Amino acid sequence: MERSCTMTPYERLVAIDQAHVWHPFTQMKDYNQSDPLIIERGEGVMLYDVQGRAYYDGFSSVWLNVHGHNVPELNEAITAQLGRVAHSTLLGMANIPAIELAEKLVEITPQGLTKVFYSDAGATGVEIAVKMAFQYWMNLGKTSKTKFITMNQAYHGDTIGAVSVGAIPLYHDVFRPMLFPSYVVPYPYAYRHERGAHGAKEATLSELRKILETSAHEIAAMIVEPIVQGASGIIVMPEGCLREMATLCREYDVLFIADEVATGFGRTGMMFACDHEEVSPDLMVVGKGLTGGYLPVAATLATEEVYRAFYADYEEQKTFFHGHSFTGNPLGCAVALASLKRFEDHRMLDAVRRKALLVEHKLRAIQDAPHVGEIRQKGLMVGIELVKDKSTRQAYEWAERIGVRVTGRARELGMLTRPLGHVVVFMPPLASTDAELDAMTDILMKAIIDVTEGGRVR
Ligand SMILES: *Cc1c(COP(=O)(O)O)cnc(C)c1O
């Protein structure tokens, strides 16, 4: 690759990026023909690219960011810890921030969760929950309980165990031959169920009951994205469904795993989505917002009961033989503690609930637009499903790239987000001010109208 000295700094970065970086969830053929966005810095809810253009971070840098970018308190938590030690292992020893964060997590998560197992991504957190659930039953001598239940269109991350309990055909089908099979219950997708929310919920619960009645003896656990299924298109569960699923699993002696990677830390208006229905899972996975979106830390929380099944004499070999090099990273745990302190200092949960109402009111302006099928929202987690025909709910063709075109238009108007197929996602940092939310929703709505109604003129 020739890098001429007449290139601008931007052109030089693009040339190297295209020559050497393989981007995740990105068709590189499209990417290499586009005009790539290269972020240089962030400040509050804004991101700035190397050409000096400013953008609202309308998807919290893929659902992570909580307090905005470059927040002095969070930066200081990292640099203070950096002056002590950047990393030391949790294998057979401990560090101060990991201990303090574990205490805090146990305090704020649903009742019954008392043990914290760290890792470094949502997917690894899920992988750990799946392996813990499996080995839990092995350690108890119930060796027939080896299978899992998941929900249709579920997403739990991209490692092989997490993909095995995933059910999004586009992402997962190609790997099917290398995965372990899971039971799949329908996700209650009210908008696309002929009997609406009630019918969808009944279908889910009756299918779950059927599987449990016939097969609970061979099932270790059920894994669920509580209240909001994220990657499938921000689909909100009918009320009571989560609670009833958890109760059914308990009744049939199947562990209940809550994957709160997307929904955790205030995103849905409660600290955790499980809190909406007072559900206490046996295992819970957190990631994304845990560090305020600053550093890669995830955690799998377990109950005393799960933990006890592993607690034995050394010779019994009931140890959980799992760990990652960066498990319990002190820098990440330190910034997570600072982030959680900010939640309290700034009364973030109250603020999220209030701001969610503001966004809901604003978005009403497009609810009758001819291609807005459904606006789904829980807290500051919003998905707008676009349809070709509103009356028949006919979906756009894949090749029309409707979501991609809308988010492309939003970028031109100064806001970043990523679509999920024909669903446009809006997940602003929780700390966004009213004025910022006002500006972001304006861009979001204009982008949708421009693309779905206007076509658009460059
Ligand atoms: C993002 C996500 C994951 C995966 O987390 P990574 O940190 O990307 O591995 C798992 N579960 C849910 C619900 C998610 O949204």
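Quick note: residue numbers are just sequence positions, from 1. All figures in this text were calculated on a predicted structure; none of them were measured in a lab. Every number for a ligand or one of its atoms is a count from 1 in the order of the listing.
Annotation for ligand 1: atoms under 4.0 Å from non-hydrogen atoms of Glu225 are 13 (C). Applying the 4.0 Å criterion to heavy atoms of Ala262 picks out, from ligand 1, the atoms 15 (O).
Counting only N and O atoms by type, the side chains of Thr79 and Glu76 include no donor and acceptor under 3.5 Å apart. There is no side-chain donor-acceptor pair under 3.5 Å between Asn65 and Ser61.
In this structure, Arg41 satisfies the cation-pi test against Tyr48, with its NZ or CZ atom closer than 6.0 Å to the six-membered ring centre and inside 45 degrees of the ring normal.
Using a cutoff of 4.0 Å between basic side-chain nitrogens and carboxylate oxygens, Glu360 and Lys355 are not scored as salt-bridged. A salt bridge links Lys341 with Asp345: at least one charged nitrogen is closer than 4.0 Å to a carboxylate oxygen.
Atom 9 (O) of ligand 1 has as its closest protein heavy atom Ala123 N, 2.8 Å. Given atom 5 (O) of ligand 1, the protein heavy atom at minimum distance is Gly122 CA, 3.2 Å. Atom 12 (C) of ligand 1 has Asp259 OD2, 3.4 Å as its closest protein atom, hydrogens excluded (heavy atom only).
The parts of Tyr155 lying near ligand 1 are both backbone and side chain, judged by heavy-atom distances below 4.0 Å.
Ring centroid separation for the pair His324 and Phe326 does not come in under the 6.0 Å cut-off.
Remark: ligand 1 and Gly157 share no N or O pair separated by less than 3.5 Å (distance only, no angle test). Residue Lys288 has at least one nitrogen or oxygen atom sitting less than 3.5 Å from a nitrogen or oxygen atom of ligand 1, judged on distance alone.
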